[in-house]
Trainee: 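Here it is, the structure in full.
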Amino acid sequence: SLSPIRQWALKLGARASENFWPGFPEWIFDSVKDIQPSRDIVFCGQWTLSQHRRRNEYLQAIASGAGIAPNYSCAFYLSGDTNELTPEVSRFNQGGRYGVEMHRALRTGRIGFDARGNIGVTRSFDPGTETGLDLAQNDTANMRIFEVTGSGVFLLTEKFNNTSQIFEPGVEIETFSD
């Protein structure tokens with residue numbers, strides 16, 4: 001569903017490339033809809049030092065705010081390089097959640113946060129180009145944006161070029177740039 005990756009596929013010899021938007025089964029919402037929010041902001045996903053540096057900075061800022069603002073709560077459900085969590089983030093980490101348990105965890109938040117990692121390559125497909133290229137460039141379509149909204153939780157996510165092709169910012173979700 002990321003146009004830069006579809007373009008790479010064609011460049012690498014694919015005969016065709018089609019857009020694909022992930023779906024969300026209605027039964028998942030039905031299984032979590034009665035859970036009442038108990039936290040202001042939640043995040044389910046990975047903490048990795050290489051792929052999610054910017055996201056880690058945002059989670060650090062969220063955790064720092066929860067530590068000083070009265071009546072502000074957050075919960076992180078993190079997997080990945082959890083031995084590298086900062087003390088502030090570690091304080092709010094409830095451990096990784098998967099499947100329906102992840103949707104239950106998401107549903108505990110009034111706001112579901114998202115920040116995409118870099119979708120990179122470790123080798124160059126073109127002579128003279130850098131490795132470590134972010135293949136998604138300025139597009140998004142990670143599954144979390146569908147999981148959060150499908151669970152009936154307000155989504156706060158980074159703004160990308162294709163965000164308005166998926167949701168209506170300011171109406172269905174809200175975006176940020178920094």
Side-chain angles (χ1 to χ4, degrees), residues 1-9 12 20-22 24 28 39-67 72-109 111-126 129-151 153-163 166-167 173-178:
S1 55
L2 300 167
S3 61
I5 292 177
R6 290 193 310 274
Q7 292 166 6
W8 270 104
L12 291 172
F20 170 79
W21 293 121
F24 189 90
I28 293 177
R39 297 192 169 89
D40 292 310
I41 190 162
V42 297
F43 174 80
C44 291
Q46 289 196 334
W47 176 281
T48 61
L49 298 181
S50 60
Q51 188 179 8
H52 300 108
R53 285 187 179 144
R54 185 178 65 244
R55 175 197 293 166
N56 296 352
E57 291 173 8
Y58 291 138
L59 293 175
Q60 176 68 33
I62 292 168
S64 295
Y72 168 75
S73 60
C74 68
F76 304 137
Y77 301 90
L78 298 169
S79 60
D81 299 333
T82 56
N83 57 331
E84 301 293 336
L85 293 174
T86 65
E88 295 87 358
V89 171
S90 182
R91 182 174 153 210
F92 297 104
N93 186 27
Q94 306 296 308
R97 298 291 193 280
Y98 305 94
V100 174
E101 287 304 313
M102 179 195 63
H103 293 279
R104 286 188 181 113
L106 287 170
R107 186 71 181 177
T108 65
I111 300 169
F113 176 76
D114 178 57
R116 181 179 65 74
N118 288 335
I119 302 169
V121 294
T122 56
R123 68 179 180 90
S124 176
F125 292 112
D126 269 347
T129 61
E130 255 182 66
T131 59
L133 174 69
D134 183 7
L135 290 177
Q137 296 175 17
N138 203 19
D139 273 11
T140 192
N142 71 43
M143 195 59 201
R144 186 173 308 99
I145 63 178
F146 300 98
E147 292 161 344
V148 169
T149 56
S151 295
V153 176
F154 173 79
L155 173 65
L156 177 63
T157 188
E158 294 174 293
K159 182 179 182 178
F160 288 98
N161 287 344
N162 69 333
T163 304
I166 306 167
F167 297 105
I173 66 166
E174 194 52 77
T175 62
F176 65 93
S177 298
D178 63 21

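Please read all numbers here as calculations on a predicted model, not as lab measurements. When reading the values below, keep in mind they use all heavy atoms of this one structure, side chains included, and skip hydrogens, waters and symmetry mates. For the single chain, residues carry numbers from 1 onward in sequence order.
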Trainee: A side-chain contact here means heavy atoms from C-beta on lying under 4.5 Å apart; do L59 and R55 qualify?
Mentor: yes
Trainee: I need the minimum non-hydrogen distance between V148 and G112, along with the two atoms involved.
Mentor: CG1-CA, 3.9 Å
Trainee: Quick one: does F176's side chain get under 4.5 Å of E158's, heavy atoms only?
Mentor: yes
Trainee: With a 4.5 Å limit on heavy-atom distance, are the side chains of V153 and R107 in contact?
Mentor: yes
Trainee: So do M102 and Y77 actually touch side chain to side chain, heavy atoms under 4.5 Å?
Mentor: no
Trainee: Measure the CD1-OG1 distance between I166 and T157 for me, rounded to the nearest 0.5 Å.
Mentor: 9.0 Å
Trainee: Between CZ of F113 and CG of L155, what distance do you get to the nearest 0.5 Å?
Mentor: 9.5 Å
Trainee: Only one of T82, D81, L78 clears side chain to side chain contact (heavy atoms under 4.5 Å, CB included) with T48; which?
Mentor: D81
Trainee: Where is the tightest heavy-atom contact between A115 and R144, given as atom of each residue plus distance?
Mentor: O-NH1, 4.5 Å
Trainee: First locate atom CG of N56, then atom CD of Q51, and finally report the distance between them rounded to the nearest 0.5 Å.
Mentor: 10.5 Å
Trainee: Mind checking the CZ-SG spacing from R97 to C44? Nearest 0.5 Å is all I need.
Mentor: 8.0 Å
Trainee: First locate atom CD1 of I28, then atom CZ of R104, and finally report the distance between them rounded to the nearest 0.5 Å.
Mentor: 10.5 Å
Trainee: So do the side chains of F43 and I62 get within less than 4.5 Å of each other, counting heavy atoms only?
Mentor: no
Trainee: Using only atom types and a distance under 3.5 Å, with no angle test, would you say the side chain of D40 pairs donor to acceptor with the backbone of S73?
Mentor: yes
Trainee: Which heavy-atom pair separates A75 from R39 by the least distance, and what is that distance?
Mentor: CB-CD, 3.0 Å
Trainee: Looking only at heavy atoms, which two atoms of N162 and W21 are closest? And how far apart?
Mentor: ND2-CH2, 3.9 Å
Trainee: What are the two closest non-hydrogen atoms of F24 and G150, and how far apart are they?
Mentor: CE2-O, 3.3 Å
Trainee: Using 0.5 Å steps for rounding, measure from the CD1 atom of I173 to the NZ atom of K159.
Mentor: 10.5 Å
Trainee: Measure across E84 and L49 and return the closest heavy-atom pair with its distance rounded to 0.1 Å.
Mentor: CG-CD1, 3.6 Å
Trainee: Going by the rule salt bridge (Lys or Arg N to Asp or Glu O under 4.0 Å), which residues pair with E147 if we only count those two or more places apart in sequence or in a different chain?
Mentor: none
Trainee: Would you mind reporting whether S79 and Y98 have side-chain heavy atoms less than 4.5 Å apart?
Mentor: yes
Trainee: In the structure I gave you, are the side-chain heavy atoms of F160 and I145 within less than 4.5 Å of one another anywhere?
Mentor: no
